[in-house]
Amino acid sequence: MQDYASTLSAPVSEATRRFLSKPQRMLIGGAWLEASEGGTLDVFDPATGQAFAKVPAGGKADIDRAVAAARQAFDGGDWAAMRPVDRERLLMKLADLVEANAQELAELEALDNGKPVAVARFADVALVVDSLRYMAGWATKIGGETMQPSVPIIREREFWGFTRREPVGVVGAIIPWNFPLLMAAWKMGPALASGCTMVLKPAEETPLSALRLAELVQEAGYPAGVFNVVTGLGHVAGAALSSHPHIDKLAFTGSTEIGKLVGKAALDNMTRISLELGGKSPMIVLDDADVDAVAAGAAHGIFFNSGQVCTAGSRLFVHKKKFDQVVEGLSNIAAGMKVGAGLDPDTQLGPLVSAVQQERVMGYIRSGFDEGARAAVGGEAGAGGGYFVKPTVLVDARDDMRVVREEIFGPVVVAMPYDDLDEVARRANDTPYGLAASIWSNDLTRVHRLIPRIKAGTVWVNCHTVLDNSMPFGGFKQSGIGREMGRAVFDQYTEIKSVLMAL
Ligand SMILES: NC(=O)C1=CN([C@@H]2O[C@H](COP(=O)(O)OP(=O)(O)OC[C@H]3O[C@@H](n4cnc5c(N)ncnc54)[C@H](OP(=O)(O)O)[C@@H]3O)[C@@H](O)[C@H]2O)C=CC1
Ligand SMILES: CCCCCC/C=C/C(=O)O
């Protein structure tokens with residue numbers, strides 16, 4: 001047993017040290033297993049670039065075992081027979097356990113992903129707890145409708161109709177590295193509330209919180225096979241899961257490129273899909289907006305989670321009257337941000353998740369410079385061995401530049417002036433994505449006129465990337481298919497059965 005915790009850049013709690021010191025295994029059918037082929041994957045601390053843990057490199061055989069376990073748990077046994085109120089109680093218990101272990105889970109997220117530990121605790125883990133509790137409440141409220149049919153021809157008979165909402169079945173969930181625990185919760189909450197079973201494949205960069213979550217699932221008392229975790233590579237374990245003929249639904253969050261791939265593989269088996277994909281979200285500042293409030297709000301909109309957010313406000317459109325002031329305010333905030341390791345309590349902006357992501361983001365910044373943009377602030381990588389990129393505001397950009405058109409997924413915003421609302425509505429929509437947008441103004445008439453013109457699944461007003469469990473979340477256009485959260489998510493996790501009875 002190796003004490004990996006002693007190699008970390010900053011001290012962690014005793015609970016985290018204990019977790020990191022034991023060999024990691026996958027939870028399959030209630031048992032803790034190594035990969036069937038025996039391989040492991042290193043997990044790296046993005047603040048140092050050093051490996052600090054190993055997880056099983058699960059493959060197709062492990063996915064087969066996990067899907068079989070989930071299938072068995074769904075098709076018969078304790079779980080299938082469980083009353084909705086007992087599913088609610090279990091999910092509430094899981095939420096309590098997550099809350100009781102919040103610091104450890106937050107430290108694992110900070111280590112795996114690089115995000116500041118306070119953000120992990122008071123945003124990621126807090127949202128997970130709320131999300132599980134919110135979804136637990138739905139377990140007893142999922143229901144159908146009654147109808148009074150007007151069946152033609154057979155007029156002498158009386159009919160009665162109703163619908164049932166039945167769990168869709170075995171859910172395969174593939175999640176990214178930017179909010180590892182939260183993305184797991186967004187899928188397991190509605191799945192377990194509605195009576196599905198699940199196989200989760202976390203991202204290779206950030207597998208640890210999913211494995212700790214699986215321990216808590218066991219501690220909560222879920223029957224074996226209801227929740228399974230297979231760690232492994234996307235093109236191996238992820239591909240085996242998304243194309244598996246015995247899953248009933250695939251829930252995916254990640255890039256649009258891989259979303260299309262897994263979506264096609266799943267549809268080959270007519271597996272139901274929900275895809276939450278990329279974005280290039282505009283933040284639209286009207287001429288009446290308060291400059292200081294916009295600068296602070298836009299800083300959150302782009303720099304939160306080091307810009308590694310599907311809803312990141314990566315295009316900032318400011319009315320020409322306020323453009324210079326907003327850019328100056330935002331640049332001052334960016335210049336003052338403390339960039340550092342996630343475990344450092346003073347850190348405001350952590351490293352990017354991996355060397356690959358750092359190089360990808362720096363490549364975008366260089367392409368912006370090559371095409372004629374200029375950095376009002378930032379524009380370079382941070383010092384040290386970690387995957388740091390300084391918070392960056394690009395100006396002098398044109399709509400056809402790659403930095404304006406493509407998802408960067410880093411702390412980089414492109415600020416651009418505009419003249420009037422028609423122009424900004426057209427430019428804001430000039431993207432294949434449609435995940436989110438924000439409008440900054442206190443002129444309610446103009447705000448309400450703009451909202452329906454923006455082609456996006458979420459429009460925020462005077463805030464950006466603020467989420468609530470009651471609000472459905474998902475994308476228009478190439479930002480995805482389906483909605484997570486809110487009542488709407490149960491459209492993705494249940495099948496509707498129509499029952500027509502002749503009396
Ligand atoms: N919408 C969003 O929230 C996110 C968007 N992105 C965007 O994607 C870019 C690349 O990030 P990346 O991590 O590569 O995102 P991916 O879309 O590649 O990864 C998301 C998940 O899909 C898995 N995966 C990868 N390839 C396959 C496959 N062939 N079949 C099944 N599953 C697969 C990954 O596994 P593994 O980790 O092992 O590769 C991971 O679990 C980012 O720069 C960003 O622009 C990234 C993350 C989240
Ligand atoms: C405050 C938490 C924000 C979570 C945003 C959800 C993002 C999902 C994604 O990037 O895939």
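Whatever order the structure lists them in is the order used to number ligands and atoms, beginning at 1. Index from 1, following the sequence. Quantities reported herein were computed from a predicted structural model and do not represent experimental measurements.
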Looking only at non-hydrogen atoms, the one of Phe179, Phe409, Tyr364 nearest atom 46 (C) of ligand 1 is Phe409
Ranking Ala173, Pro176, Gly254 by closest non-hydrogen atom to atom 2 (C) of ligand 1, top hit is Gly254
Practice problem: Please confirm whether Gly234 comes within less than 3.5 Å of ligand 1 when only nitrogen or oxygen atoms on both sides are compared. | Solution: yes
Does any N/O atom on Ser242 come nearer than 3.5 Å to any N/O atom on ligand 1? no
Taking atom [atom1] of [X] and atom [atom2] of [Y], what is their separation to the nearest 0.5 Å?
| X | Y | atom1 | atom2 | result |
| --- | --- | --- | --- | --- |
| Lys115 | Leu343 | NZ | CG | 13.0 Å |
| Ser479 | Leu275 | OG | CG | 11.0 Å |
| Thr431 | Arg315 | OG1 | CZ | 5.0 Å |
| Leu352 | Phe388 | CG | CZ | 9.5 Å |
| Leu435 | Leu277 | CG | CG | 8.5 Å |

By chain and number, the residues contacting ligand 2 below 4.0 angstrom (heavy atoms only) are Leu127, Asn178, Phe179, Leu182, Met183, Trp186, Thr253, Glu276, Phe304, Val309, Cys310, Thr465, Leu467
The single option from Ile258, Leu241, Ile175 that satisfies side chain to side chain contact (heavy atoms under 4.5 Å, CB included) with Phe252 is Ile258
Considering non-hydrogen atoms of the protein only, which is the closest contact for [atom], and what is the distance?
| atom | answer |
| --- | --- |
| atom 14 (O) of ligand 1 | Trp177 NE1, 4.7 Å |
| atom 18 (O) of ligand 1 | Ile258 CG1, 3.4 Å |
| atom 35 (O) of ligand 1 | Lys201 NZ, 2.8 Å |
| atom 36 (P) of ligand 1 | Glu204 OE1, 3.3 Å |
| atom 31 (C) of ligand 1 | Gly238 C, 3.2 Å |
| atom 23 (C) of ligand 1 | Ile174 CG2, 3.7 Å |
| atom 17 (O) of ligand 1 | Ser255 OG, 2.6 Å |
| atom 29 (N) of ligand 1 | Leu261 CD2, 3.5 Å |

Give the contacting part of [X] toward ligand 1: side chain, backbone, both or neither, where contact means a heavy-atom distance below 4.0 Å.
| X | value |
| --- | --- |
| Ile175 | backbone |
| Gln357 | side chain |
| Ile408 | neither |
| Glu205 | side chain |

Quick note on ligand 1: atoms under 4.0 Å from a heavy atom of Thr253 include exactly 3 (O), 20 (C)
Requested in this report: Consider only side-chain N and O atoms of Gln103 and Arg121, and report whether a donor and an acceptor are under 3.5 Å apart.
Outcome: yes
Go through the side-chain N and O atoms of Lys187 and Ser274 and say whether any donor and acceptor fall under 3.5 Å apart. no
Determine, counting only non-hydrogen atoms of the protein, whether one lies under 4.0 angstrom from atom 41 (O) of ligand 1. yes
Flag yes if more than 12 heavy atoms outside Gln72 fall under 6.0 Å of its CD atom; otherwise flag no. no
Tell me whether the rings of Phe409 and Trp177 are parallel (<30°), tilted (30 to 60°) or perpendicular (>60°). perpendicular
How are the rings of Tyr134 and Trp138 set relative to one another: parallel (under 30°), tilted (30 to 60°) or perpendicular (over 60°)?
-> perpendicular
When Glu215, Gln24, Gln218 are each screened for side chain to side chain donor-acceptor pair (under 3.5 Å) with Trp32, the one that passes is Gln218
Would you say Gly279 touches ligand 1, if touching means a heavy atom closer than 4.0 Å?
-> no
